[in-house]
Amino acid sequence: MSIQLSEQEIQRRQSLEKLRDLGIEPYPAALYPVDALSKDIKQNFEDQKKVCIAGRIMSFRIMGKASFAEIQDSEGRIQIYINRDEICPTEDKTLYNDVFKKLLDIGDFIGVKGYLFKTQVGEISVHVEEFTLLSKSLKPLPLPKTDSEGKVHDAFVDPELRYRQRYVDLVVNPQVKEVFIKRTKLFSAMRNFFNDAGYMEVETPILQSIAGGAAAKPFMTHHNALDIPLYMRIANELYLKRLICGGFDGVYEFSKNFRNEGMDRTHNPEFTAMEIYVAYKDYNWMMEFTEKLLEHCALAVNGTTEATFGEHKIDFKAPYKRVTMRQAILDFTGFDIKGKSEDELRKAALDMGIDVNDTMGVGKLIDEIFGEKCEGNYIQPTFIIDYPKEMSPLCKAHREDPSLTERFELMVCGKEIANAYSELNDPIDQRERFEEQVRLSEKGDDEAGGLIDQDFLRALEYGMPPTSGLGIGMDRLVMFLTNNPAIQEVLFFPQMRPEKKAVALSDEEKLVLGILKSKAPMELATLKDQSALSGKKWDAAIKGLTKAGVAKVVKEGESLRVELLG
RNA sequence: GAUUCGUUAGCUCAGUCGGUAGAGCACAACACUUUUAAUGUUGGGGUCCUGGGUUCGAGCCCCAGACGGAUCACCA
């Protein structure tokens, strides 16, 4: 219960008490009648105009009987000017000398009523007539400063701190806030585009008894009342198609998906995809729809179709180049995959120095070759089309070549950001493709799904109109539109390992832990003997350690064993 | 998972050969009525990530671990 407070935190708590002693409530309940924002004030300056603003104090410049401070609101900062004898017209100067100068801190929220003016140096400022403490801040904020040459000093840059304390990151790093504003703009732009086209936004289950629609490892959970395992969504495809069977012409969903796989700078365990399905369309229509969509979104987010990503300049202006997968592989390896057997493909891949094995079927082999030799070369938005049938179990066979499917992926900067099909709606073909996936799964390809969604097949048997579907990785698209190489930068709260709680151990606990560290795991009785503690103290120590999650007692038949935990 | 770098004051970072822990900002006190990274003077503030080891002595050397970053591998 003893929280270690820094000197500055103690001072702020003391200021809080002093304010209360002066009859000032540091966390008042009443609304504050804000009528202006910093940005508007600066853009539409009117001398002497009365304003009421609110925000965090971000800097102080105290000069005797007058002071300047900066208030940061949702749109930026504005300077305020406060004069002692105007705030305190009587003999009592407490409000200025004590409350303003001493008891307020950087980070506090205050409200200010006053009028606009320009200082001698021309800075638009609010001349304070009245100020109100709205909320006291008890922890000092990091304080990046920008000097006269525009250089930022002491920037709050440690990624670990920034991701764990995003609220602080957002307060002190305006460019971070901008990324998330753009993220929201992207979602609105896309939603508007779909709504204008007449399609309907829907919601489908996140807890599913079969996690289908993609090849990925799901998170597993359990429903107590039903006493059944449930999986968290890895894709929403199968549910959206059921809705097309049900008679909607176009449905879309922004879906949080969950995949229990590795984490790195481009993968977070939960991420956001957008999937849309439109009846009576095919993948050719969807390509045109997609390029128009992305052009629209880029414009809405950045005001231009051009975007910078690292060293690349990309342009989302439609139309985009279309390259068949066969042609792509031919272009970059000189190898023609058309009509090749599994063995021929495996040999070709091995000759190219690609690590492949016997569990890989034709589709996987081609995917490996493409991924290794071609994918990275497509910088400008490019549609890769006509994927082999084996790697697209939910996609309709190509109308001209049954060994291919009517599928495209959109590549940008060497990464996939969209995936689309002429959806497979032949229920018998679909069942066979699922069964083939199960066979692959049994063979050892752990990407292929192991369970067949019978209900989805039943829906297809009732009939699904010809449909084209599209999926977009929203996080990746935000990364491209905001020039961020890490997914953690475009998620408010990226997944992190839990912060290690500092465990304050008693002397007895330390003693037991010391013995345990040299010899764990060990017999509980032996450990107790070596600790030479009284029965009562021993009991408290081992219970304390297990409760703190440092050690664990495991029962094995008759014997009790103590293990050390991370 | 592998390699590698990092972890020191609220924040950003120095820290020499192993010898009492440093700077800037922030904080406290005083001065100062239109400042601009405001200024001047003075002062306070540390679990040097954790645990072992070597040593008369460890922020620094050695071992083990935690967390994070980067690169690679795996993976949509």
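Naming: A, B, ... by sequence-line order, numbering from 1 per chain.
Looking at heavy-atom distances under 4.0 Å, A/Lys151 makes no contact with the nucleic acid at all. Using a 4.0 Å heavy-atom cutoff across all strands shown, A/Arg162 reaches no nucleic acid atom at all. Among the heavy atoms of the strands lying under 4.0 Å from A/Glu409 is at least one base atom, whether or not backbone atoms are also near. Nucleic acid contact class of A/Phe156 (heavy atoms, under 4.0 Å, all strands): sugar-phosphate only. In this structure, A/Leu141 reaches neither bases nor backbone, as no heavy-atom distance under 4.0 Å exists between it and the strands shown. At a threshold of 4.0 angstrom between heavy atoms, the contacts of A/Asp85 include nucleobase atoms, whether or not backbone atoms are also involved.
Residues forming a side chain to side chain donor-acceptor pair (under 3.5 Å) with A/Glu261 (at least two apart in sequence, or on another chain): none. Judged as a ring pair (Phe, Tyr, Trp, His ring centres under 6.0 Å), and not counting sequence neighbours, the contacts of A/Phe480 are A/Phe309. The side-chain contact (heavy atoms from CB on, under 4.5 Å) check on A/Glu70 picks up A/Ser59, A/Arg61, A/Arg77, with sequence neighbours excluded. Remark: A/Phe493 pairs with no residue by the ring pair (Phe, Tyr, Trp, His ring centres under 6.0 Å) rule, at least two apart or across chains. Residues passing the ring pair (Phe, Tyr, Trp, His ring centres under 6.0 Å) test with A/Phe408 are A/Phe383, sequence neighbours excluded. Residues meeting the salt bridge (Lys or Arg N to Asp or Glu O under 4.0 Å) test with A/Asp351, sequence neighbours left out: A/Lys347. With sequence neighbours left out, the ring pair (Phe, Tyr, Trp, His ring centres under 6.0 Å) criterion links A/Phe109 to no other residue.
If you check B/rU7 for Watson-Crick or wobble pairing at under 3.5 angstrom, you find it paired to B/rA66. In this structure, B/rA2 forms a base pair with B/rU71, meeting either the Watson-Crick or the G-U wobble geometry with both donor-acceptor distances under 3.5 Å. When both pairing distances are held under 3.5 Å, B/rU16 makes no Watson-Crick or G-U pair with any nucleotide shown. Pairing partner, B/rG46: none, since no Watson-Crick or wobble contact has both distances short of 3.5 Å.
Between the C1' atoms of B/rG15 and B/rA23, the separation comes to 10 Å (whole Å). Atom name P, nucleotides B/rA29 and B/rC67: the rounded distance is 41 Å, in whole Å. With C1' as the reference atom, B/rC62 and B/rU54 are 7 Å apart, rounded to whole Å. On the C1' atoms, B/rU36 is 16 Å away from B/rC25, given to the nearest whole Å. Across B/rU50 and B/rA14, the matching C1' atoms stand 24 Å from one another, rounded to whole Å. Only the P atoms considered, B/rC49 is 32 Å distant from B/rU39, to the nearest whole Å. Across the C1' atoms, B/rC13 and B/rG53 are found 30 Å apart, a figure rounded to whole Å.
Near RNA chain B, meaning a heavy atom under 4.0 Å away, the residues from residues 114-123 of chain A are A/Phe117, A/Thr119, A/Gln120, A/Val121, A/Glu123. Contacts of residues 256-271 of chain A with RNA chain B (heavy atom under 4.0 Å): A/Arg259, A/Glu261, A/Asp264, A/Arg265, A/His267.
As a whole-Å value, the separation of A/Leu161 CG from B/rC67 P is 16 Å. To the nearest angstrom, P of B/rC27 lies 18 Å from CG of A/Leu5. The distance between atom CG of A/Asp158 and atom C1' of B/rU8, rounded to the nearest whole Å, is 13 Å. Counting to the nearest Å, the P atom of B/rG24 and the CG atom of A/Leu143 are 16 Å from each other.
By the 5.5 angstrom centroid cut-off and the 30-degree plane limit, A/His153 is classified as stacked against the base of B/rA37.
Residue A/Met496 places its CE atom among more than 12 non-hydrogen atoms of other residues, nucleotides or ligands, all under 6.0 Å distant. With a 6.0 Å radius and a threshold of 12 heavy atoms from other residues, nucleotides or ligands, A/Glu311 has its CD atom at or below the threshold.
For the pair A/Arg497 and B/rG68, the criterion of a side-chain N or O lying under 4.0 Å from OP1 or OP2 is met. Not one side-chain nitrogen or oxygen of A/Arg61 sits closer than 4.0 Å to the OP1 or OP2 atom of B/rU36. Put simply, A/Lys145 has no side-chain N or O that comes within less than 4.0 Å of OP1 or OP2 on B/rA37. In terms of phosphate contacts, A/Lys101 brings no side-chain nitrogen or oxygen within less than 4.0 Å of OP1 or OP2 of B/rU33.
The closest donor-acceptor contact from the side chain of A/Asp386 to the backbone of A/Glu406 lies at 3.5 Å or more, if one exists at all. A donor-acceptor distance shorter than 3.5 angstrom exists from the side chain of A/Arg12 to the backbone of A/Ser137, with no hydrogens or angles considered.
In the interface, the side chain of A/Glu160 is not paired with the base of B/rG69 through any donor and acceptor atom under 3.5 Å apart.
Considering only side-chain atoms of A/Asp147, the nucleotide from B/rA37, B/rU35, B/rC27 that sits closest is B/rA37.
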